[in-house]
S.K.: 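First the structure, then my questions, so here it is.
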Protein chains: 2
Amino acid sequence: MYKILLVEDDESLGYLLSEYLKMKQLDVVWEKNGTKVMAIMEQNLFDLIVLDVMMPHTDGFALASQIKDKHPNIPFIFLTAKSLKIDVLKGFSLGAIDYLKKPIDEEELVARIMAHLSRLEKTSPVPPQDDIIPIGTYDFDSRNHMLLHKGDSIRLTARETELLKHLIQHKNNLCSHKDILLGIWGNNDYFNRKSLNVFITHLRKHLEKDPTIKIENVHGRGFILKVGH
Amino acid sequence: MYKILLVEDDESLGYLLSEYLKMKQLDVVWEKNGTKVMAIMEQNLFDLIVLDVMMPHTDGFALASQIKDKHPNIPFIFLTAKSLKIDVLKGFSLGAIDYLKKPIDEEELVARIMAHLSRLEKTSPVPPQDDIIPIGTYDFDSRNHMLLHKGDSIRLTARETELLKHLIQHKNNLCSHKDILLGIWGNNDYFNRKSLNVFITHLRKHLEKDPTIKIENVHGRGFILKVGH
DNA sequence: AGTTTCATTAATTTTTCATTAATGGAATTA
DNA sequence: TAATTCCATTAATGAAAAATTAATGAAACT
């Protein structure tokens with residue numbers, strides 16, 4: 001299920017579009033106020049952003065370049081009444097993947113969004129061939145949600161597996177709360193952060209048989225999986 | 001260098017577009033006859049196809065689905081005078097990644113093509129940036145909040161890390177109280193200045209194993225991190 | 001329906017760390 | 001050299017963050 005951020009101040013168009021997109025099984029967050037976008041993006045991981053260029057108090061182009069700075073890999077589409085050629089070109093030069101002129105045809109917008117999303121699946125970083133990864137005296141089999149240790153095997157739950165995978169992928173490097181939560185939970189709020197702590201405890205318990213493996217906390221930042229070489 | 005197939009029967013538009021695309025360093029093959037397309041594709045590997053829907057003797061939609069059958073991974077863009085909504089939707093349902101209505105603006109088409117092509121490139125995973133800075137016999141790993149010294153590692157707190165980073169960035173140069181406090185604490189008052197002193201002490205303690213590293217005070221001004229060559 | 005599994009939420013204890021306080025030493029100036 | 005301001009250090013404080021254990025409830029099985 002894809003998650004879309006729709007930034008549109010116009011009540012009726014915004015409502016129409018978000019309903020259309022929801023009909024297509026998309027998870028839509030509709031934000032009317034451009035100034036809140038950066039904050040929302042700290043809390044959520046989106047697959048695509050649809051951005052109205054002309055909004056009160058907000059320059060859509062400026063907002064787009066802010067987004068691009070902080071989240072360079074999230075594609076965005078401009079929506080605008082500005083059909084001046086120079087603006088279209090500006091939109092693309094900012095990195096837009098599409099640019100639609102008002103009046104917007106909802107069905108066409110949805111078709112375009114679906115086209116872009118289906119391309120994501122093809123080009124997205126190849127599903128990493130999950131072999132069995134050795135870690136200390138353990139072997140981690142992420143495909144089968146298992147942790148093997150000297151003959152006996154420990155079953156991991158889905159969350160435990162994802163979290164351990166994330167930590168292993170960044171072995172010996174700090175994984176920020178934010179990245180972990182956005183990557184695994186999809187959003188970053190107070191409760192999920194509590195949940196993360198619980199799973200860290202679980203993983204520590206699972207990994208305690210090899211004392212050279214440690215999941216260390218970096219106060220206020222996140223966690224590091226350290227493995228003695 | 002990307003290779004583009006342009007299928008367009010109209011002489012003047014075809015010429016214009018192919019010249020524009022060549023100007024962008026693209027390798028363009030311009031074919032006027034839709035019936036020859038499949039044969040050409042046997043001989044060449046294209047990154048993108050631009051396809052006019054309305055051509056004599058050829059139904060662009062039918063051609064597109066033939067292409068898609070044989071080469072499912074090559075993206076294509078429709079060019080057409082048919083601006084009927086039903087046709088636009090048909091275009092996308094056939095798997096088009098874009099659909100432009102005539103009259104075509106060459107620059108916009110080029111911008112859209114470039115946008116699509118640049119998305120192709122974005123497949124590289126994570127740029128593992130190493131920002132470990134050597135300082136004397138230490139190595140400072142600011143990302144992980146660590147100071148490494150001959151095998152063992154010292155964990156730094158958030159403030160310690162920021163302060164050391166600031167000092168290192170201005171190695172051998174005076175860092176004024178004011179700049180440090182404004183840069184790290186955000187404001188420069190009596191109490192934060194006291195705090196700064198405490199952290200300077202912490203850093204001195206952490207760095208004491210290399211006597212060539214000194215954090216010197218400049219009375220009434222600030223601090224200098226001095227590192228023996 | 002009954003059971004199991006598991007993510008989430010809650011409640012509690014423990015730890016971490018920036019700040020503040022207190023004290024004595026150093027540099028500067030009169 | 002006396003007075004004053006500035007710095008260095010150690011320790012105390014308190015708030016926020018993290019760890020742990022337990023409780024809850026929904027979904028997937030039997």
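Heavy atoms only: backbone and side chains are in, while hydrogens, waters and symmetry mates are out. Convention: sequence-line order gives letters A, B, ...; per-chain numbering from 1.
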S.K.: Tell me: CG of A/N187 to C1' of C/dT8, nearest whole Å?
M.R.: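 Taking atom C1' of C/dT8 as the reference, CG of A/N187 is at 13 Å.
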S.K.: Applying a 4.0 Å non-hydrogen cut-off, can you work out what A/Y190 is touching in the nucleic acid: base, sugar-phosphate, or nothing?
M.R.: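 No contact at all - A/Y190 keeps every heavy atom at 4.0 Å or more from the nucleic acid.
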S.K.: Show each protein N/O and nucleotides 23-30 of chain D N/O combination with a separation under 3.5 Å, one pair to a line.
M.R.:
none

S.K.: Name the residue closer to the 5' end of DNA chain D, choosing between A/K194 and A/K205 according to the nucleotide with the nearest heavy atom.
M.R.: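 Residue closer to the 5' terminus by nearest nucleotide: A/K194.
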S.K.: Roughly how far apart are A/I77 CD1 and A/L48 CG, rounded to 0.5 Å?
M.R.: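 Answer rounded to 0.5 Å: 4.5 Å.
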S.K.: Side chains of B/F140 and B/T161: does their closest heavy-atom pair fall under 4.5 Å?
M.R.: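 Yes, their side chains come closer than 4.5 Å.
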S.K.: With B/R159 as the cation and B/W185 as the aromatic partner, state whether NZ or CZ is under 6.0 Å from the six-membered ring centre and within 45° of the axis.
M.R.: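 Relative to the ring axis of B/W185, which defines the angle, B/R159 lies inside both limits.
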S.K.: If you only use heavy atoms from C-beta on, which nucleotide in D/dA19, D/dA17, D/dT21 is closest to the side chain of A/V198?
M.R.: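 Nearest nucleotide to the side chain: D/dT21.
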S.K.: Salt-bridge test for A/R112 and B/D98: reply yes if a basic N is under 4.0 Å from a carboxylate O, no otherwise.
M.R.: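 B/D98 and A/R112: salt-bridged.
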S.K.: Using 4.0 Å as the upper bound for N to carboxylate O, is an ion pair formed by B/E162 and B/K165?
M.R.: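 Looking at B/E162 together with B/K165, the answer is no, because their closest N to O distance does not fall below 4.0 Å.
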S.K.: Tell me whether the side-chain N/O atoms of B/R193 come closer than 4.0 Å to OP1 or OP2 in D/dC7.
M.R.: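 No, B/R193 has no side-chain N/O under 4.0 Å of OP1/OP2 on D/dC7.
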S.K.: From the list D/dA19, D/dT9, C/dA21, which nucleotide is the closest neighbour of the side chain of B/F191?
M.R.: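 Between D/dA19, D/dT9, C/dA21, the one nearest the side chain of B/F191 would be C/dA21.
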S.K.: What's the CZ-P distance between A/F199 and D/dA22, to the nearest Å?
M.R.: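 Distance, rounded to whole Å: 17 Å.
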S.K.: Report the distance from atom CD1 of B/I200 to atom P of C/dA26, rounded to the nearest whole Å.
M.R.: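 In whole Å, C/dA26 P and B/I200 CD1 are 18 Å from each other.
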S.K.: Please state whether the phosphate of C/dA18, meaning OP1 or OP2, lies under 4.0 angstrom from any side-chain nitrogen or oxygen of B/W185.
M.R.: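 The answer is no; no side-chain N or O of B/W185 sits under 4.0 Å from OP1 or OP2.
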S.K.: Can you tell me which nucleotide in C/dT9, D/dC7, C/dC17 comes closest to the side chain of B/T157?
M.R.: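 The listed nucleotide nearest to B/T157's side chain is C/dC17.
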S.K.: Could you state the atom-to-atom distance from CZ of B/F223 to C1' of D/dA8 in whole Å?
M.R.: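 Taking atom C1' of D/dA8 as the reference, CZ of B/F223 is at 9 Å.
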S.K.: Could you work out which one of D/dC6, C/dT8, D/dT21 sits closest to the side chain of B/H219?
M.R.: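 My answer, after comparing the listed nucleotides, is D/dC6.
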S.K.: Under 4.0 Å between a side-chain N/O of A/N197 and OP1 or OP2 of D/dA18, yes or no?
M.R.: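 The answer is no; no side-chain N or O of A/N197 sits under 4.0 Å from OP1 or OP2.
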S.K.: Distance check needed: C/dG25 P versus B/N217 CG, whole Å only.
M.R.: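 It is 18 Å, rounded to the nearest whole Å.
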S.K.: Does the distance from a Lys or Arg side-chain N to an Asp or Glu carboxylate O, for B/R204 and B/E208, drop under 4.0 Å?
M.R.: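 Result for this pair is no, no salt bridge flagged.
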S.K.: Check the angle between the aromatic planes of B/Y99 and B/F92 and answer parallel, tilted or perpendicular using the 30° and 60° thresholds.
M.R.: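 Plane angle between 30° and 60°, so tilted.
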S.K.: Counting heavy atoms from C-beta on, name the nucleotide in D/dT9, C/dA18, D/dA19 closest to the side chain of B/R159.
M.R.: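 For the B/R159 side chain, the nearest candidate turns out to be C/dA18.
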S.K.: Phosphate oxygens OP1/OP2 of C/dT19: is one of them under 4.0 Å from a side-chain N or O of B/S195?
M.R.: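 For B/S195, the contact criterion (side-chain N or O under 4.0 Å from OP1 or OP2 of C/dT19) is met.
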S.K.: Does B/H202 reach a base, just sugar-phosphate, or nothing at all? Heavy atoms under 4.0 Å.
M.R.: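 Nothing, no heavy atom under 4.0 Å.
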S.K.: Using whole Å, report how far CG of B/L163 lies from P of C/dT19.
M.R.: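 Rounded to the whole Å, the gap is 12 Å.
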S.K.: Grab the CG-P distance between A/L196 and D/dA18 for me, whole Å please.
M.R.: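 Those two atoms, CG and P, are 9 Å apart.
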S.K.: Quickly work out the B/I215 CD1 to D/dA8 C1' distance and round it to whole Å.
M.R.: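 Distance, rounded to whole Å: 12 Å.
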S.K.: For B/L203, which of B/L164, B/I213, B/L147 qualifies under side chain to side chain contact (heavy atoms under 4.5 Å, CB included)?
M.R.: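 For B/L203, the side chain to side chain contact (heavy atoms under 4.5 Å, CB included) check succeeds only for B/L164.
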S.K.: I want to check one thing: is the phosphate of D/dT20, taken as OP1 and OP2, less than 4.0 Å away from some side-chain N or O of A/T201?
M.R.: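 So the side-chain polar atoms of A/T201 do come within 4.0 Å of the phosphate oxygens OP1 or OP2 of D/dT20, strictly under.
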S.K.: If you check every side-chain atom of A/A158, which of C/dA7, D/dA8, C/dT19 has the closest atom?
M.R.: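 The nucleotide sitting nearest to the side chain is C/dA7.
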